[in-house]
Amino acid sequence: MAAAGGAVLLLVLVTATSVSGQHDYSDALHKSILFFEGQRSGRLPPDQRLRWRRDSALNDGATAGVDLTGGYYDAGDNVKFGFPMAFTATLMSWGLIDFGRSFGAHAAEAREAVRWATDYLMKATATPNTVYVQVGDAFRDHSCWERPEDMDTPRTVYKVDPSHPGSDVAAETAAALAAASIVFRDADPDYSNRLLDRAIQVFEFADKYRGPYSSSLHAAVCPCYCDYSGYKDELLWGAAWLHKASRRREYRDYIKRNEVVLGASEAINEFGWDNKHAGINVLISKEVLMGKDEYFQSFRVNADNFICTLLPGISNHPQIQYSPGGLLFKVGNSNMQHVTSLSFLLLAYSNYLSHANVRVSCGTSSASPVQLRRVAKRQVDYILGDNPLRMSYMVGYGSRYPLRIHHRGSSLPSVAAHPARIGCKAGATYYASAAPNPNLLVGAVVGGPSNTSDAFPDARAVFQQSEPTTYINAPLLGLLAYFSAHPNLAQSDLLHD
């Protein structure tokens, strides 16, 4: 498609439904961070703000002789899955690293959200050559509808070690610890050093004992968080974050030496807890675009190719679609996880391009950093209410938002309102009720429309659309921070590209 036509179509998509006026991105950022307090496991601190939550899972790890209390429940259930939790921590950290100044007064609470995850990951990696990767029997847990404060399903502990490798989850954990070490470098230097030291150890284990955790722990982790893309992308991802955090030449050499072997150019239209390829290329491209390392030029080419697949009017990639209302759409469950993670990469890459004063090359066409930012902002605005239903997909933001989210703690009466225990099957009555959830999980972003018609049922049973997850919100923090500091991306900027 010709460049001029692409620019026109892109402008049409960006402007078609953005009619609700200016959003309060700072308020949305605050609420998005607050959501993580609703996902906390373990003993809650005195400054816990979502007061309907109470202490839970205080004996996690006891059956294995280790302390695995704390961390986050991944979604609307009561299992602690290490793979998505680590990815969540990595993406929250990336947002703070790239857009830290834009967080303003919310920077401290965002760091605390990261720390709640990394404190747990430090516990999970305290034993050398071992990573504890899950607490809870997912199948037993999913057969119940009960508050985390009441849960009585098995808190089975699962780990990877030299005999049962899990390079994917271990390398993602290393990435999370390395990224967080950058976040805390100034705020808490001692903690930062400990995070980086542990990241180095965990990555060595991941690289030395290679294999997917989906093979070692298939019955426990599949199908919930089976690693369908394999572990090679996580090894590159972990090395990239260790290089960024430590500046050690050994990681630079590792990346370049393994670029082809570990498939840096594969599956570049995907980015999430399972597949890191696109994130690897965008992250490493910063070295090239900031003029620090031409050694990685091939990653910049890969990143350009990836970014081009996301641009409406420029790309006709079969796996990337846009709804009539302008929402980026990929086939599968929980579409908002793709919306937020891919939009984050668009924004991050646009900033790297801006510093280098260059455009993305898309065959016979091209796109400017401003165009990338506007596509990302359009997605954020859709989430916050600029959509055909005129509803926010963030709980507690705006005048209309999902009321019946697929989340046990939110949908069951709080301990304060109903002190008596609610058993495993007793919660079914609340699950089936058409009534709104009694507890507001402020800031939770749900899976959203799952088809290209912009439809949303607001029903607990449709978990693909109504369930929030930590890894939907994690990349949103950086996006909201940036747009809270730069709310007025003028339409004229796009017209003059």
Side-chain angles (χ1 to χ4, degrees), residues 83-84 86-95 97-98 167-180 182 199 202-203 206-207 210 212 227-248 250-290 292-310 337-338 340-353 360 372 471 474-475 478:
F83 199 17
F87 177 73
T88 292
T90 306
L91 266 290
M92 284 196 288
S93 293
W94 194 354
I97 292 164
D98 275 21
S167 298
D168 34 26
V169 65
E172 178 62 70
T173 301
L177 296 171
I182 303 173
V202 175
F203 183 77
D207 192 41
R210 293 191 179 188
D227 186 1
Y228 299 101
S229 71
Y231 63 84
K232 294 180 179 179
D233 54 325
E234 276 80 28
L235 288 176
L236 271 179
W237 177 243
W241 277 108
L242 278 163
H243 177 252
K244 187 174 180 67
S246 71
R247 307 310 299 178
R248 291 189 182 182
E250 65 185 275
Y251 298 113
R252 177 181 184 268
D253 293 342
Y254 180 98
I255 293 165
K256 195 62 182 175
R257 186 173 65 250
N258 289 285
E259 176 185 356
V260 176
V261 176
L262 297 180
S265 64
E266 296 175 7
I268 59 169
N269 67 312
E270 181 67 62
F271 181 56
W273 60 263
D274 179 25
N275 193 318
K276 313 303 187 313
H277 287 292
I280 292 163
N281 288 306
V282 169
L283 180 65
I284 296 177
S285 290
K286 184 177 182 180
E287 301 287 319
V288 181
L289 291 166
M290 302 295 277
K292 295 180 179 178
D293 205 333
E294 286 295 322
Y295 194 53
F296 292 134
Q297 183 62 40
S298 56
F299 290 87
R300 190 264 169 104
V301 173
N302 292 337
D304 272 11
N305 291 338
F306 155 70
I307 291 294
C308 291
T309 69
L310 303 181
Q337 67 177 306
H338 305 300
T340 59
S341 62
L342 295 176
S343 295
F344 178 84
L345 292 187
L346 280 166
L347 181 64
Y349 202 58
S350 76
N351 276 11
Y352 307 158
L353 292 168
V360 176
L372 271 57
Y471 45 90

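On a predicted model such as this, the values are computed, not experimentally measured, just so you know.
- In terms of modelled atom types and a separation under 3.5 Å, the side chain of Asp233 and the main chain of Gly263 share no donor-acceptor contact.
- Here the closest heavy-atom approach between residue Ala240 and residue Ile255 is recorded as CA-CD1, 3.7 Å.
- Minimum heavy-atom separation, Ala170 to Ala206: CB-CB, 3.6 Å.
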query: What's the verdict on ring-ring contact (aromatic ring centres under 6.0 Å, His included) for Phe83 and Tyr471, showing C-alpha distance, side-chain angles and the deciding distance?
result: CA-CA 11 Å; Phe83 199 17; Tyr471 45 90; over 10 Å; no
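- When all heavy atoms of Leu242 and Ala199 are compared, the closest pair comes out as CD2-CB, 3.9 Å.
- Closest heavy-atom contact between Trp237 and Leu283: CZ3-CD2, 4.3 Å.
- Judged by the 6.0 Å distance and 45° axis criteria, Arg252 is positioned over the aromatic ring of Tyr295.
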task: Could you walk me through whether Phe203 and Tyr254 pass the ring-ring contact (aromatic ring centres under 6.0 Å, His included) test, one step at a time?
output: CA-CA 12 Å; Phe203 183 77; Tyr254 180 98; 5.4 Å; yes
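- A pairwise comparison of heavy atoms in Ser167 and Glu234 identifies O-CB, 4.3 Å as the closest pair.
- A donor-acceptor pair shorter than 3.5 Å cannot be found between the side chains of Asn275 and Tyr228.
- Side-chain atoms of Thr90 and Glu172 form a donor-acceptor pair, as typed in the model, at a separation below 3.5 Å.
- Other residues, nucleotides and ligands contribute at most 12 non-hydrogen atoms within 6.0 Å of the NZ atom of Lys232.
- We find the NZ-OH distance between Lys244 and Tyr251 to be 16.0 Å, quoted to the nearest 0.5 Å.
- A distance-only check finds no donor-acceptor pair linking the side chain of Ser350 to the backbone of Leu372 [under 3.5 Å].
- The aromatic ring centroids of Phe87 and Phe271 lie less than 6.0 Å from each other.
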message: Working note: Asp207 + Arg210, criterion salt bridge (Lys or Arg N to Asp or Glu O under 4.0 Å); need CA distance, chi angles, decisive distance, verdict.
response: CA-CA 6 Å; Asp207 192 41; Arg210 293 191 179 188; 2.6 Å; yes
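- The backbone N or O of Asp274 lies less than 3.5 Å from a partner atom in the side chain of Ser229, making a donor-acceptor pair.
- Contact between Ala175 and Trp241 at its shortest, heavy atoms only, is CB-CD1, 3.8 Å.
- Taking CG of Leu262 as the start and CG of Leu235 as the end, the distance is 6.0 Å to the nearest 0.5 Å.
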